[in-house]
Amino acid sequence: MFDTFRSRAAAALAVGALLGATQPAHAQTWRTVTSARQRGAEKALAVHVQYGAGHLTVSPASAGLLYRFEMRYDEDKVRPLTEYSAASGTLRLGMEQRDREGIRGIKRESRAAVSLSPEVPTALRLEFGAGDADLDLGGLSLSDVDISTGASETRISFGAPNRIAARRVKMAAGAASLNVSGLGNTGAPRFEFEGGMGHTTLDFGGRWTHSASATVEMGVGSVTLRLPRALGVRVTKDSFLSSFDGAGMVKRGDAWYSRNWATAPYKLTVDIDAALGSIDVVWID
């Protein structure tokens, strides 16, 4: 776990250093590109979004659209990436660097907006480097979710129930602030979270229809678990110098249990592996 954390932390700090470095002045050439495709006979879609730096939004697309992608960028440094294959059912969106400098010097004026069809079962893989991101994933048909961020402030919302049950929700954050809400709406039986440095909030509110398990690996940072009162919860913790505030829970053996553990119709087991920091539990209605 700690080797993984160190590698993520180092990568995130490297991104931050690149963004903060002083660059020679150059004349920027800003462009805006828009790409969209009508929905056809697609039965499923594998989407890979790669966005190095700037501001990123993801949301459901309008009726009839398979996807829509709009990006504002400095064409001297990057170029837009749009690759769709109907044969393989794959879609790649994002930015590519033009030279070895990569994302160095990219400003917050860079932005991209991705919209995805809520009607097509979608396996979403998203890689976001630095900046800030707002991902509104509620109401989509997500079969799998894999999101990783670097030195960023990222907000992820599942504000409406997923139209299908996701197989898994996996998220990883570097030197970042990560706020995730409505995880119960994903329908996933398995959650995986990995954090380096920063604060992570995991809100498991939403519509629960079955029990699930979650693993949380944290480096130097803090995590807040927001848990529905109606959900039976068990927390186990393997940590080094991490404080744990399990308010409203009862410790039995090596685990903490919600008071309704035996009677709750649906249960969530949370296994936490943390280094330095704090772990807090907040109960929500």
Side-chain angles (χ1 to χ4, degrees), residues 7-38 45-62 65-85 90-117 122 124-137 140 145-157 171-179 196-198:
S7 63
R8 281 194 180 279
L13 289 174
V15 170
L18 286 173
L19 291 175
T22 301
Q23 301 300 313
H26 74 284
Q28 294 177 314
T29 306
W30 290 94
R31 295 284 185 266
T32 298
V33 63
T34 300
S35 174
R37 187 179 185 89
Q38 292 293 118
L45 190 65
V47 178
H48 186 188
V49 179
Q50 299 168 282
Y51 198 67
H55 179 68
L56 173 67
T57 63
V58 179
S59 61
S62 302
L65 281 180
L66 182 65
Y67 76 89
R68 186 179 187 276
F69 175 56
E70 181 176 303
M71 176 174 157
R72 183 176 187 268
Y73 63 102
D74 178 1
E75 71 170 359
D76 295 329
K77 290 192 170 294
V78 298
R79 55 177 168 261
L81 168 66
T82 306
E83 295 179 359
Y84 172 71
S85 170
T90 58
L91 173 65
R92 293 183 64 205
L93 301 171
M95 66 164 59
E96 289 184 324
Q97 66 187 56
R98 286 190 178 276
D99 53 38
R100 295 179 183 178
E101 288 188 353
I103 63 172
R104 182 165 30 185
I106 294 178
K107 306 297 184 182
R108 285 185 178 268
E109 287 83 354
S110 299
R111 63 177 184 265
V114 176
S115 300
L116 300 173
S117 171
T122 299
L124 175 62
R125 180 184 174 196
L126 187 147
E127 297 172 283
F128 179 58
D132 63 286
D134 289 285
L135 313 181
D136 177 9
L137 305 182
L140 294 175
V145 179
D146 186 347
I147 297 173
S148 60
T149 68
S152 67
E153 294 184 7
T154 301
R155 296 160 292 276
I156 304 172
S157 172
M171 298 181 183
S177 168
L178 176 65
N179 191 314
M197 296 181 292

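- The side-chain heavy atoms of Val47 and Leu116, taken from C-beta on, include a pair separated by under 4.5 Å.
- Side-chain contact between Leu91 and Leu66 is absent, with no heavy atoms from C-beta onward closer than 4.5 Å.
- Atom CD in Glu75 sits 5.0 Å away from atom OG1 in Thr29 (nearest 0.5 Å).
- You'll find the side chain of Met171 stays beyond 4.5 Å of the side chain of Thr149, heavy atoms only.
- Scanning all heavy atoms of the two residues, the minimum distance from Met71 to Met95 falls at CE-CB, 3.5 Å.
- When the salt bridge (Lys or Arg N to Asp or Glu O under 4.0 Å) test is applied to Arg72, no partner is found at least two apart in sequence or on another chain.
- A pairwise comparison of heavy atoms in Ser152 and Gly129 identifies CB-O, 4.0 Å as the closest pair.
- The aromatic rings of Tyr84 and Tyr67 lie tilted to each other, with the angle between the two planes from 30° to 60°.
- Put simply, CD on Glu83 and OG on Ser35 are 11.5 Å apart, with the number rounded to the nearest 0.5 Å.
- Closest non-hydrogen pair, Ala112 versus Phe69, comes out as CB-CE1, 3.9 Å.
- Side chains of Arg155 and Asp132 form a contact here, defined as non-hydrogen atoms less than 4.5 Å apart.
- The shortest side-chain heavy-atom distance between Asp136 and Thr57 does not fall under the 4.5 Å cut-off.
- Side-chain contact check for Glu127 versus His48: some heavy-atom pair is nearer than 4.5 Å.
- Contact detail for Leu56 and Val114: the closest heavy-atom pair is CD1-CG2, 4.3 Å.
- In this structure, CD on Glu70 lies 6.5 Å from OG1 on Thr32, to the nearest 0.5 angstrom.
- Rounded to the nearest 0.5 Å, atoms CG (Asn179) and CD1 (Ile156) are 9.0 Å apart.
- The minimum heavy-atom distance between Tyr73 and Pro80, with the atom names listed, is CZ-CD, 3.5 Å.
- At a threshold of 4.5 Å between non-hydrogen side-chain atoms, the residues Leu137 and Ile147 count as touching.
- Qualifying side chain to side chain donor-acceptor pair (under 3.5 Å) partners for Asp146, counting only residues two or more places apart in sequence or in other chains: none.
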Requested in this report: Using the side-chain contact (heavy atoms from CB on, under 4.5 Å) rule, take Leu65 and Gln38 through it: C-alpha gap first, then chi angles, then the decisive distance, then the call.
Outcome: CA-CA 4 Å; Leu65 281 180; Gln38 292 293 118; 3.1 Å; yes

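- Side-chain contact between Val49 and Val58 is absent, with no heavy-atom pair separated by less than 4.5 Å.
- Contacts of Arg37 classified as salt bridge (Lys or Arg N to Asp or Glu O under 4.0 Å), with partners at least two apart in sequence or in another chain: none.
- Closest approach of Leu140 to Ser117, counting heavy atoms only: CD2-O, 4.0 Å.
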